[in-house]
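Have a look at the structure below before the remarks.
The first residue of the sequence shown is numbered 1, and numbering continues consecutively from there. Just so you know, these numbers come straight off a predicted model, no measurement behind them.
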Amino acid sequence: MSTEDRPPAPRSLAEALRARGDASLGALLRSRPDLITPVPTDLTQLATRAGTRASVVRALERLDRFALQTAEALAVAADPAAYGELLGLMAGDDADPAVVAALPHALDGLREQALVWGDDDRLRLVRTARELLAPSPQHPSPTGLGPTVQEATAGMSPGRIQEIVTAAGLASTHDSVSAVTALAGLFTDRARMAELLADAPADSLDVLERLVWGPPYGQVTADPAPRLRWLLDRGLLLPTAPGTVVLPREVALHLRRGLAHRTPEPVPPVVETAAVHRPQVVDSAAAGQAYTALATVEELLKDWDEGGPAVLRAGGLSVRDLKRTAVALDVPEPVAAFWVELAYAAGLIASDGEADERYAATPAYDEWLELPAAERWSLLVTAWLAATRTAGLVGGRDAKDRTLSALGPGLDRSAAPEVRHRVLALLAGLPEGAAPAAGSVLARLRWERPLRGERREDDLRGRLAEWALSEAEHLGVTGRGALSAQGRALLGAPAAPAPGPEAEPSGPGDKLPVHHHHRTTPLAPLSPAEQAVASAAAARLLAPLLPEPLDHVLLQADLTAVAPGPLRRPLADMLGVLADVESKGGATVYRFTPGSVRRALDAGQAASDLHAFLAAHSRTPVPQPLAYLIDDVARRHGHLRVGAASAYVRCDDDAVLSEILADKRAAGLGLRRLAPTVLASQADPAGLLEGLRAMGFAPAAESAEGDVLITRALAHRTPPRTAPEPVPDGPPVPDDTLLSAALRAIRAGDLASTTPRKPGTAPTANGELPRTGAAETLATMQAAVLTGETLWIGYVNAEGAASQRVVAPIRVEGGFVTAYDHTADEVRTYPLHRITGVAELADDAG
């Protein structure tokens with residue numbers, strides 16, 4: 001393309017955006033969705049918004065390390081800078097081939113995000129980004145570079161500048177500007193600088209060596225040492241304030257051989273493999289963890305069936321309740337906090353909203369229990385992937401130094417879902433069965449988001465990644481540290497890459513300390529609809545790996561029952577009422593006690609029902625001691641009746657009532673005899689039942705009609721509750737429909753604001769359309785219908801929002817104008833009274 005054919009270089013970011021196609025603008029809006037919240041009226045407003053501090057900071061936080069290094073290099077380059085200058089700052093005098101190969105891609109990424117604009121011969125970093133990244137005494141640059149010679153000598157006297165120029169071996173000049181230019185020219189000339197430094201004392205060179213990679217500032221006394229005086233006399237160090245000197249940028253770049261960064265990082269760190277397992281071993285281990293996860297959540301909810309812990313006044317669980325829950329689940333407290341938060345995120349537990357507020361299972365928990373095991377697992381992991389509540393923070397302190405409690409406020413971290421997804425995506429990029437080295441995963445994440453990984457809260461992103469790895473193992477998304485087949489399906493990932501020859505294990509389950517230098521294309525997060533499909537696929541893969549529920553137990557003569565595996569739900573529920581869990585593991589041991597049998601009778605079971613149940617579900621005969629225990633408890637069950645007097649006890653055997661009255665343990669119940677077979681109590685019925693049971697009796701509650709009240713398990717539920725909504729990490733990425741509409745609106749507004757007008761109809765100084773009266777507006781519209789001209793109008797809609805539009809009037813009648821709206825690309829009708837102004841476009845307007 002000749003110079004005459006080349007389009008003119010853009011003079012502003014708005015012009016650069018105007019030259020882009022829809023695909024390029026769409027990529028910008030996807031990478032920076034805050035720019036269309038709300039949709040800008042035209043490309044000038046889009047460019048203005050892209051340069052605001054908040055938007056630029058957000059964009060910089062999402063750059064990878066090399067792209068950020070490229071932006072930092074542009075911040076210390078000339079403005080504008082040629083591509084060759086940028087390449088020199090990034091690749092150095094040795095022209096590192098990896099940097100040379102990677103720089104065009106990094107620069108294209110910065111252009112796509114509108115952080116850099118202009119052609120390769122005039123690259124410009126947006127002003128706000130330059131202000132954020134350029135060196136200053138208050139905000140040192142990550143490059144470690146200081147100010148330029150021109151900046152450092154801005155307040156220096158002309159006489160002192162001439163002295164420095166002369167001492168550096170340059171001819172004196174008539175003015176300071178040319179002197180500073182000559183000095184800067186010397187410092188950027190590699191050959192002349194080498195000659196100058198060849199005469200430098202060795203200890204002076206040591207001083208430069210200490211400052212060259214930053215920070216570039218140093219302290220000096222009022223009478224500097226000879227090694228410092230030699231540098232100060234020649235401008236190799238320049239004073240910035242009393243007692244402070246700085247190494248000029250040009251001198252540092254010479255000593256660095258042109259590099260803006262000590263270690264450019266054009267290639268992301270490799271995720272190394274710590275161990276390799278057979279895929280079948282990984283999937284089996286993950287399935288075992290998934291089954292344990294389901295059992296743990298069920299046990300947690302069963303423990304809270306009749307009303308869980310109280311809600312703290314500030315919200316959340318108390319430390320004591322979390323410890324009690326950890327003991328019940330037989331896990332450490334941080335792990336217990338994870339299970340509690342997971343159940344909450346899945347909508348299975350919530351506060352009941354009562355005056356004495358407590359946590360309890362929700363109605364959704366009962367629906368969840370009815371699902372197949374694999375589907376229950378997929379619901380849990382889907383909730384985990386999207387949750388912003390972060391259980392790892394429990395026990396820490398918030399900004400006001402208050403303890404963060406499980407289920408309490410302050411646990412949301414909007415970056416958590418993105419970090420979880422990215423960690424799993426990195427695992428998906430490894431060969432099948434490969435477990436990563438955790439340190440290499442963290443190093444990769446720090447390279448991908450350096451600003452987010454090195455800022456506040458002591459590297460929160462790194463801690464989120466560590467928690468994601470451990471939580472994925474707890475849930476069975478990974479097995480032995482490697483991503484399972486169901487975990488891969490959960491991400492919508494393709495089949496794993498084949499391992500290299502060195503990754504083959506030598507035997508079943510063997511681990512090899514190898515390193516895979518495998519690089520993958522990042523997996524994009526899935527939409528809700530895509531995630532539902534992926535979760536269903538993961539559940540189908542997991543289902544065959546989970547153990548089949550059993551319909552039998554083994555009864556033993558020591559009043560125990562052994563369940564050799566998971567039990568079918570009706571059997572597990574009934575056995576949970578009839579017996580107490582004594583131990584868990586590969587097999588669960590249940591123990592029958594008088595209290596547990598009475599619990600089953602209280603739930604409405606008769607002794608004959610219990611005998612039939614045990615006979616039907618035991619692979620061994622029902623032991624005689626167990627049959628005797630059931631009959632003995634049943635014979636005494638309901639012999640005493642408790643009702644409300646406040647409460648009363650009645651019994652056909654007055655001797656039993658006399659025994660109760662004579663017992664010292666009954667003193668606190670406030671009993672007195674109303675009749676030979678009736679005792680009244682000052683205690684409430686529940687307290688009276690508990691007291692008599694503690695004395696060894698087996699009373700039954702009764703209704704006002706005298707019928708035995710049956711209390712059933714799983715009675716306490718919260719009202720219907722929705723799961724907590726994740727806290728978004730900024731505006732959501734627009735979908736294709738929204739993006740298409742936004743681009744059309746921006747293009748339309750830009751057309752309206754940039755289309756040439758006829759002389760005398762130019763907009764006012766502030767860019768608004770001149771006002772026209774109703775008669776003039778009507779006449780112009782009618783004339784345009786006859787001539788077919790296109791008009792520029794200002795329009796205020798019913799909500800009061802003003803806009804500019806380019807229209808071709810078709811018909812004017814009844815106070816309305818029907819016109820083809822070029823901005824919306826469709827025919828529309830506008831009330832004439834809402835048109836604020838009208839102007840004719842130039843004849844050559846496109």
| task | Compare every heavy atom of Ala287 with every heavy atom of Leu546, then report the nearest pair and how far apart it is. | result | CD2-O, 3.6 Å

| field | Note, Val327 side chain near Lys323 side chain (heavy atom, < 4.5 Å) | value | no

| So do the side chains of Val649 and Leu669 get within less than 4.5 Å of each other, counting heavy atoms only? | no

| field | Smallest separation among heavy atoms of Ala346 and Ala723, with atom names | value | C-CB, 4.2 Å

| request: Taking side-chain hydrogen bond (donor to acceptor under 3.5 Å, both in side chains) as the test, write out the residues that go with Thr325, two or more places apart. | output: none

| Residue list, ring-ring contact (aromatic ring centres under 6.0 Å, His included) with Tyr590, at least two apart or on another chain | none

| Residue of the set Ile630, Leu610, Thr560, Leu614 for which side chain to side chain contact (heavy atoms under 4.5 Å, CB included) holds with Phe592 | Leu614

| said: Restricting to salt bridge (charged side-chain N to carboxylate O under 4.0 Å, His left out), what partner residues turn up for Asp303, sequence neighbours left out? | reply: none

| side-chain contact (heavy atoms from CB on, under 4.5 Å) involving Val282 - partner list, sequence neighbours excluded | His277, Ala482, Ser484

| Mind checking what makes side-chain hydrogen bond (donor to acceptor under 3.5 Å, both in side chains) contact with Glu357, not counting sequence neighbours? | Ser351

| task | Go through the steps to decide whether Arg397 and Thr403 satisfy the test side-chain hydrogen bond (donor to acceptor under 3.5 Å, both in side chains), and finish with yes or no. | result | CA-CA 5 Å; Arg397 316 291 290 187; Thr403 301; 2.4 Å; yes

| Quick one: salt bridge (charged side-chain N to carboxylate O under 4.0 Å, His left out) pairs with a partner in residues 537-560, sequence neighbours left out? | none

| task | Give a yes or no on this: more than 12 heavy atoms of other residues, nucleotides or ligands lie within 6.0 Å of atom CD of Gln682. | result | no

| request: In plain terms, say whether Arg599 and Asp580 are close enough for a salt bridge, that is, a side-chain N and a carboxylate O under 4.0 Å apart. | output: yes

| message | The criterion is side-chain contact (heavy atoms from CB on, under 4.5 Å); which residues satisfy it with Ser470, sequence neighbours excluded? | response | none

| said: Taking the side chain as everything from C-beta on, heavy atoms only, tell me whether Leu342 gets closer than 4.5 Å to Leu475. | reply: yes

| message | Is it the case that over 12 heavy atoms from other parts of the model lie below 6.0 angstrom from the CD atom of Glu690? | response | no

| query | Under 4.5 Å between any side-chain heavy atoms of Cys651 and Val678, yes or no? | reply | no

| query | Heavy atoms, side chains only, cut-off 4.5 Å: are Val394 and Leu404 in contact? | reply | no

| query | For the atom pair CG (Leu464) and CD (Glu418), what is the distance rounded to the nearest 0.5 Å? | reply | 9.5 Å

| task | Find out whether Leu294 and Trp377 are in side-chain contact, i.e. whether some heavy atom of one side chain is under 4.5 Å from a heavy atom of the other. | result | yes

| request: Could you check Arg358 against Trp304 for side-chain contact (heavy atoms from CB on, under 4.5 Å), going step by step and ending with a plain yes or no? | output: CA-CA 10 Å; Arg358 309 186 76 82; Trp304 291 10; over 6 Å; no

| Spacing of CG belonging to Leu393 relative to CH2 belonging to Trp467, to within rounding of 0.5 Å | 4.0 Å

| Candidate pair Thr296 and Val335, rule side-chain contact (heavy atoms from CB on, under 4.5 Å), full reasoning | CA-CA 11 Å; Thr296 303; Val335 179; over 6 Å; no

| message | According to side-chain contact (heavy atoms from CB on, under 4.5 Å), who are the partners of Arg673, at least two apart in sequence or on a separate chain? | response | Asp654, Leu657, Ser658, Leu661, Leu679

| query | Hey, is the main chain of Val727 close enough, under 3.5 Å, to the side chain of Thr388 for a donor-acceptor pair? | reply | yes

Quiz: residues 308-319 side-chain donor-acceptor pairs under 3.5 angstrom, not counting sequence neighbours:
from   : atom 1 : to     : atom 2 : distance (Å)
Ser318 : OG     : Asp321 : N      : 3.1
Ser318 : OG     : Asp321 : OD2    : 3.0

| request: Would you please name every residue forming a salt bridge (charged side-chain N to carboxylate O under 4.0 Å, His left out) with Asp632, sequence neighbours left out? | output: Arg635

| said: Test of understanding: with ring-ring contact (aromatic ring centres under 6.0 Å, His included), list the residues that count as partners of His617, not counting sequence neighbours. | reply: Phe613

| With side chains defined as the heavy atoms from C-beta onward, is the minimum distance between Thr620 and Gln556 less than 4.5 Å? | no

| said: Under the rule for salt bridge (charged side-chain N to carboxylate O under 4.0 Å, His left out), what residues qualify as partners of Asp398, not counting sequence neighbours? | reply: Arg402

